[in-house]
Amino acid sequence: RDRAEHGGLAVCAFAATNAVLLTWNVCDRSILKDTLGFAIHKEEVASGRKYFLISSKTFPPSAPEPQPEQETGDTSKKNLPSTLSSPIQGFSWSDYSARSGTEYIYTIYPMNGTTSNLVRGTGVSVRITTESGTEGSHSVFFNRGVAGSQGYTRKFGSKAPEEVEDRAAYKWLSNGLEEALLAFIAQAADSTFALRVAAYEFCYEPLLLALKSAHERGAEVRIVVDWKVKKDGSFKTVKDGLDHVEESNNAIESSQLPRDLIIKRQSNSSYISHNKFIVLLKDGQPQQVWTGSTNFTEGGIFGQSNNGHIVRDATIATGFLGYWNRLSEDPAAGNLRTANVQETPLPTQIDPNSSTLMFSPRTSDDALDFYTELLVKARHSICFTAAFGVNEHFIKALQEPSQSVLRYVLLEKLDKKTKSLEKEKLNRIAIGSVLDETSAEVLGVLPEQLTGLNAHVSYIHTKYLLIDAFSEDPIVVCGSANFSRASNVNNDENMMILRGDTRVADQYAVNFFRLWRHFEYRYRVRQGLVKEEDKFLVPSTLWQDEYFGSDSVAKYEREMFCPLTTEKQELTPIFFDHEEIKKHRPAPKEKRTTATKDSKTKQQNRFCSLDQNGKLILKFPYNKILLGQLKS
């Protein structure tokens, strides 16, 4: 990250692997008395290539007709205006055309005057290098995660990914995720290497072929795969398509991956082995680990939003290897819970610049209490993703009024519980969605559609929590576990808690806000909050009002993204009182009323009775399913 300030204008830049988030702020609104927005100039240092970034709006009445994009690169995007003539009316913008491991200089210019006579003011420049993806202790990769987008439609029209030549659509959707995953496996070059894989869904054939190739090169490959089947060994049935275990089995067969490399995770068939990690060993010693939210499927890599996280740290890799060894024995959940808590106990403190591992299943859902306490301790911002709704622990904490902490939630869909969060002003909610034909026509943009790569979770599948991401002391919680009771108590899962690593926080935060802004806009469209006139820029300085309101969300965001004061603070351990944490637990559900019990008893008596010894007797003996329900 980088920061620069001149003449009362401060500019901040945050880098991920192939995206840069730019934010800016001013010490006083009077500096912007004639400012209609900001232009952003970009220079690629090595090549000397220079140009202004594009904008998404124009001043009325010259809004462009949307046209399919035939070429790539900012300067070739047809009918999309430059920020020099159509400035950004806000205090942040992102560049998604950045390349990995590349140094850039970005200059933010106030654009003053009138719509017909814009004059460039004094600019402030920041210099930043994007993450290479091959160096450092951590590299984080996100797929595009927005298959239903203007970018996809401009490039590929209404074609499905498999209909586009040379896999161009897949490459765009991957955004480097597939390449990084296969490159991680390719490091196992010979017999001095080993790979330990733990997988939930295991049917992306190029990955299976990569593991097969590593095996053929002499690397020792072993793979624990979720293999929860029926008691008779047959695959479970699902409504639409094949059960994921059957799909994994078919992919193993098709790729001719040797069956003796596979370790079936079968204990406790009602729970899932939800991991997606790979440990790389060299000379018998764990060196690196690949983890994250990405299932090893086509939809996981190219469809729903997912990430992969490489950790080049022997201590963390050793922790993952120990967990893999436990899984490889296919233990019962009860035994694994005890072992996991013993190896990765709930922290009583988090030290500055530290890493903590949390493996599931665990003996209780205390981890949710712990994560909730992180929410409560946030000083500036909270960001998290939830594929399957927000747990009650988080709901209770987020319903508490916030004075200045902005709380961003990115959801697959909305339910009644999460809908209640919108009552608190600083809770900022975004929901997965696309712009349908009606909305696109009104807003003058292209209609969007999904690729169809995912049958269930279409938009958001990531699992991470960011606390004070833009501060000097951020906390990142990330891994495979949804923030739910089942993920902590029943399922095989892995999570990391990383404190103080600003490079890791930036990689997550840049991509979080890339996705959050994309879906938040579409959510507002779906709610009817975006009007036809909103597709234009405001032709006066009135656009500034919301950013300088005494208690406006936009004001808080301006100050959070690029604070004017950057004083260094002494970092100390964060302590956790687990008894205190439990106070944030949601209230227990009310017990059934007598009337409800009586009603249930009457319903049961229609189907069953008790003999003189108190034994349950079915009046309809063939109804075995009902018998099981009544006994439970």
Side-chain angles (χ1 to χ4, degrees), residues 1 136-138 140 277 289 291-292 307 309 311-320 322-323 340-360 362-385 391 393-394 396-398 400 405-408 462-483 487-488 493-509 512 567-585:
R1 57 176 65 175
S137 299
H138 297 266
V140 187
F277 72 81
V289 63
T291 183
N307 76 292
H309 187 146
V311 187
R312 304 179 184 90
D313 180 285
T315 301
I316 291 178
T318 298
F320 271 88
Y323 178 46
N340 285 338
V341 171
Q342 182 177 350
E343 293 297 323
T344 58
L346 199 66
T348 56
Q349 71 180 61
I350 299 180
D351 294 323
N353 304 309
S354 65
S355 304
T356 304
L357 296 178
M358 298 268 278
F359 295 124
S360 297
R362 306 179 69 80
T363 54
S364 75
D365 64 355
D366 284 356
L368 290 180
D369 296 326
F370 174 77
Y371 299 143
T372 303
E373 188 67 4
L374 290 178
L375 301 183
V376 174
K377 290 180 181 292
R379 295 176 294 112
H380 307 294
S381 64
I382 296 166
C383 309
F384 72 92
T385 61
N391 70 75
H393 298 66
F394 284 19
K396 184 174 185 297
L398 296 173
E400 296 294 326
V405 177
L406 287 154
R407 305 182 289 199
Y408 298 88
T462 45
K463 303 98 173 39
Y464 59 91
L465 164 66
L466 313 179
I467 303 295
D468 300 331
F470 299 106
S471 73
E472 293 300 314
D473 188 27
I475 296 175
V476 177
V477 181
C478 55
S480 72
N482 296 296
F483 297 104
S487 290
N488 284 278
E493 307 277 9
N494 66 88
M495 294 297 267
M496 296 187 294
I497 305 161
L498 309 172
R499 180 186 174 192
D501 194 322
T502 56
R503 288 180 64 178
V504 173
D506 290 353
Q507 292 176 74
Y508 275 93
F512 177 87
E567 295 180 1
K568 293 283 185 180
Q569 65 180 57
E570 182 181 355
L571 301 183
T572 58
I574 301 174
F575 295 98
F576 297 88
D577 182 339
H578 295 312
E579 292 304 315
E580 180 67 23
I581 290 175
K582 290 180 180 179
K583 294 180 181 179
H584 295 288
R585 277 180 172 265

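With ring centers used as reference points, F359 lies under 6.0 Å from F320.
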| request: Step by step, work out the side chain to side chain contact (heavy atoms under 4.5 Å, CB included) result for V376 and E400. | output: CA-CA 9 Å; V376 174; E400 296 294 326; over 6 Å; no
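Taken from CZ in F370 to CD1 in I497, the straight-line distance is 4.0 Å, to the nearest 0.5 Å. Note that CG of L346 and CE of M358 are 5.0 Å apart. Values are rounded to the nearest 0.5 Å. Of the inter-residue distances, the one linking T344 atom OG1 with M496 atom CE reads 13.5 Å to the nearest 0.5 angstrom. Put simply, CZ on F470 and CG on D506 are 7.5 Å apart, with the number rounded to the nearest 0.5 Å. L368 contributes atom CG, which lies 5.0 Å from atom CG of N391 (distance to the nearest 0.5 angstrom). Separation of atoms CD1 (I467) and CD1 (I382) is listed at 5.0 Å; rounding is to 0.5 Å.
Panel note: side chain T462, backbone T385; no donor-acceptor pair is recorded below 3.5 Å. Using a distance-only test at 3.5 Å, with no hydrogens or angles considered, a donor-acceptor pair links the side chain of Y323 to the main chain of E493. R407 contributes a side-chain N or O that, together with a main-chain N or O of L398, makes up a donor-acceptor pair within less than 3.5 Å. In this structure a side-chain-to-backbone donor-acceptor pair under 3.5 Å is present from S487 to N482. The backbone N or O of V140 sits less than 3.5 Å from a side-chain atom of Q507, completing a donor-acceptor pair. A distance-only check finds no donor-acceptor pair linking the side chain of D365 to the backbone of N488 [under 3.5 Å].
Heavy-atom minimum distance, P345 versus R362: C-NH2, 3.6 Å. Here the shortest heavy-atom pairing between P573 and Q349 reads CB-NE2, 3.9 Å. The minimum heavy-atom distance between F576 and E373, with the atom names listed, is CD2-CG, 3.7 Å. The two residues A481 and M495 make their nearest non-hydrogen contact at N-SD, 3.5 Å. Closest approach of T372 to A397, counting heavy atoms only: CG2-CB, 3.8 Å.
Between Y508 and N307 the shortest side-chain heavy-atom distance falls below 4.5 Å. Within the 4.5 Å cutoff, the side chain of L498 has heavy atoms near those of the H138 side chain. Between V289 and I316 there is a side-chain heavy-atom pair separated by less than 4.5 Å. Inter-residue side-chain proximity for L375 and V405 is flagged as unmet; no heavy-atom pair is nearer than 4.5 Å. Looking at heavy atoms from C-beta onward, H393 lies in side-chain contact with D369 at the 4.5 angstrom threshold.
Looking only at atom types and distance, the side chain of T291 has a donor-acceptor partner in the side chain of N494 under 3.5 Å away.
Comment: E472 engages R1 in a salt bridge, judged by a side-chain N to carboxylate O separation of less than 4.0 angstrom.
Residues satisfying the ring pair (Phe, Tyr, Trp, His ring centres under 6.0 Å) test with F483, not counting sequence neighbours, are Y371, F394. S354 is linked by a side-chain contact (heavy atoms from CB on, under 4.5 Å) to I350, D351, R499, counting only residues two or more places apart in sequence or in another chain. Every residue meeting the side-chain contact (heavy atoms from CB on, under 4.5 Å) condition with S471, not counting sequence neighbours, appears here in chain and number order: R379, H380, D468, D473, P474.
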